[in-house]
There are 2 protein chains.
Amino acid sequence: MSRVPLANPGDAFQATEDSDRRADRRIQRTRQQLREALLALILERGYETLRVEDITERANLGRATFYLHYRDKEALLLDSIRQTVDELLAQVSAFAPPHLEAGSEAAARWLQRAIALVFEHAAASATLYRVILRGEGTAAISRRIHAMICQAVLTYLEAHRPHQMPALPADVLANYFAGALLALLTWWLESGMPYGAEEMAAMFYHLFYEGIGHLTLPPSPTDG
Amino acid sequence: MSRVPLANPGDAFQATEDSDRRADRRIQRTRQQLREALLALILERGYETLRVEDITERANLGRATFYLHYRDKEALLLDSIRQTVDELLAQVSAFAPPHLEAGSEAAARWLQRAIALVFEHAAASATLYRVILRGEGTAAISRRIHAMICQAVLTYLEAHRPHQMPALPADVLANYFAGALLALLTWWLESGMPYGAEEMAAMFYHLFYEGIGHLTLPPSPTDG
DNA sequence: TATAATTATAGACACTTCGTCCATAATTGG
DNA sequence: CCAATTATGGACGAAGTGTCTATAATTATA
């Protein structure tokens, strides 16, 4: 009996240290085939009714092989997600500015660019994003993504706006932001990305910063 | 063999015509016990790992009895949801104004009141709302709720703003609105409703109409 | 290339949950 | 009180899960 370490022993979204040290090509091939099969099947038939055998069949693998790598299909899904999320986090946090004046033009431009990064990354990994945002798999997954965005907003607020928030709790703002962003992202992917990532970021940014008040008031010719 | 009609034969959220004709008290008692048991257990242990026997056990019923009323636990959940959703829809649509001037003050006040209604209704059925908004059960459920809100927004827009929307597709606006609203609703319920329903509606309405631009720009003393 | 180690595989296994069926008991509306 | 309906516990096969074993195939490396 050889010992193949399971991919997700503990919690989700934990970086696995041995992910680079896996020398054997069979392992990498097998796991990637499983991941691809899972994502494809989820988009085709949904997550819930998928059997382990469906996945291994699509991946051209024996069913027993599955359990050499993952405890169950949820572990496989979490592994797939972790990969992509780690990627995005690295990309965005590498984009963090050393110091920006609170509420400055530069900060605003940076924020809009950061949002565009999210849309761009989603486009690049559209399949996985659709799976996540559809809420397939454990309900906890999309909740965790939402929480991550909230946390990012709260951190941003603390860094860029130290003091009073007039009659608007930070939690409310963070959840509003995260909910709206994820909803736009979801719609965008599900409807075939009919606009560019930059466009989407601009629309979201505009809605978030300006609202729609001046759009609905009829005697307001100040907007194009 | 007696024939007890299943509660959700077809799609979800369909009004069951026989719901009033059910004379037998045993049926009403049984179904309500099942619904209550399900919701309580979901909040305690989550939906996915729940067995039918767990539900009937909590409801003090035999397992076979369950299948006299519902096909599976999803049908039971959908039935619970349908009840509450029907209630809300009736409440909100009864609140629809016969005619309002587009972009008028009256229309704005009506909209804010309609949003408050949603928060109030969520508070009254907090348990069920938490279950729905957590995304427990089929992923399709929360997606459908989101879609319902989007549709309502689109209908509202069509009625109240017939022509051009400058550089902002209606779909984008509707999804932004629905996502943000559901996120706020979720946070509000999960954190123990720390503000009043009217307050929440006001905050949401303000964010949606005014955005936060004037909150973050430092040299802007025009807001309190 | 040869070899030892590792991984993939098929099949069998016990186990759990599901949904159905039956005979019988209990409750209901009339 | 009675006929009709519903609830119950038990048994059943079907389906899926996760584990295990013996064997085959592949890999890394000497």
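Chain letters run A, B, ... following the sequence lines, proteins first, then strands; residues in each count from 1.
Between A/Arg143 and B/Glu136 a salt bridge is recorded (basic side-chain N to carboxylate O distance below 4.0 Å). Using a 4.0 Å cut-off between charged nitrogen and carboxylate oxygen, A/Glu120 and A/Arg113 count as a salt-bridge pair. A salt bridge links B/Arg45 with B/Asp54: the distance from a Lys NZ or Arg NE/NH1/NH2 to an Asp or Glu carboxylate oxygen falls below 4.0 Å.
Aromatic ring centres of A/Phe204 and A/Phe177 lie closer together than 6.0 Å. Ring-centre distance between A/Phe208 and B/Phe208: not below the 6.0 Å cut-off. Between B/Trp188 and B/Tyr195, the ring centre distance reaches or exceeds 6.0 Å.
One finds a side-chain N or O of B/Thr30 lying less than 4.0 angstrom from the OP1 or OP2 phosphate oxygen of D/dA7. The side chain of B/Tyr67 contributes an N or O atom lying less than 4.0 Å from OP1 or OP2 of C/dG19. Between C/dA8 and A/His69, a contact under 4.0 Å exists linking OP1 or OP2 to a side-chain N or O.
Considering only the side chain of B/Thr65, D/dA7 comes nearest among D/dG18, D/dA7, C/dT20. Considering only side-chain atoms of A/Asp72, the nucleotide from C/dG19, D/dT6, D/dG18 that sits closest is D/dG18. Nearest nucleotide to the B/Asp24 side chain, out of D/dT5, D/dT27, C/dC18: D/dT5. If you check D/dA28, C/dT27, C/dT9 against the side chain of A/Arg25, the one that comes closest is D/dA28.
Taking the C1' atoms of five terminal pairs at each end of the helix from C/dT1-D/dA30 to C/dG30-D/dC1, the two resulting helix axes are inclined by 40°, rounded to 10°.
If you check every strand for non-hydrogen atoms under 4.0 Å, A/Asp54 touches nothing.
Residue A/Arg51 places no side-chain atom within donor-acceptor reach of the base of D/dT17, judged by atom type and a 3.5 Å distance cut-off alone. Checked by distance alone, A/Arg26 brings no side-chain donor or acceptor within 3.5 Å of a matching partner on the base of D/dT27.
The CD-P distance, from B/Glu48 to D/dT17, rounds to 14 Å in whole Å. In this structure, the CG atom of A/Leu68 is 11 Å from the C1' atom of D/dC20, given to the nearest Å. Rounded to whole Å, atom P of D/dG18 lies 13 Å from atom CD of A/Glu53. Look at CD on B/Glu57: it is 11 Å from P on C/dT17, rounded to the nearest Å. Atom C1' of nucleotide C/dC18 and atom CG of B/Leu76 are separated by 16 Å, given to the nearest angstrom. When rounded to the nearest whole Å, the span between NZ of B/Lys73 and P of C/dT16 equals 17 Å. Look at CD on B/Gln28: it is 17 Å from P on C/dT27, rounded to the nearest Å.
Comparing B/Arg29 and B/Phe66, the nucleotide of DNA chain C nearest to each residue sits closer to the 5' end for B/Phe66. Nucleotides of DNA chain D nearest to A/Ala64 and B/Arg63 differ in position, and the one nearer the 5' end is that of B/Arg63. Along DNA chain C, the nucleotide nearest A/Asn60 and the nucleotide nearest B/Leu50 are compared for position; the residue whose nucleotide lies closer to the 5' end is A/Asn60.
Legend: salt bridge (charged side-chain N to carboxylate O under 4.0 Å, His left out) pairs involving residues 173-197 of chain B, not counting sequence neighbours, sorted by first then second residue: B/Arg130-B/Glu190, B/Arg134-B/Glu190.
Remark: B/Glu74 engages no residue in a salt bridge (Lys or Arg N to Asp or Glu O under 4.0 Å) (not counting sequence neighbours).
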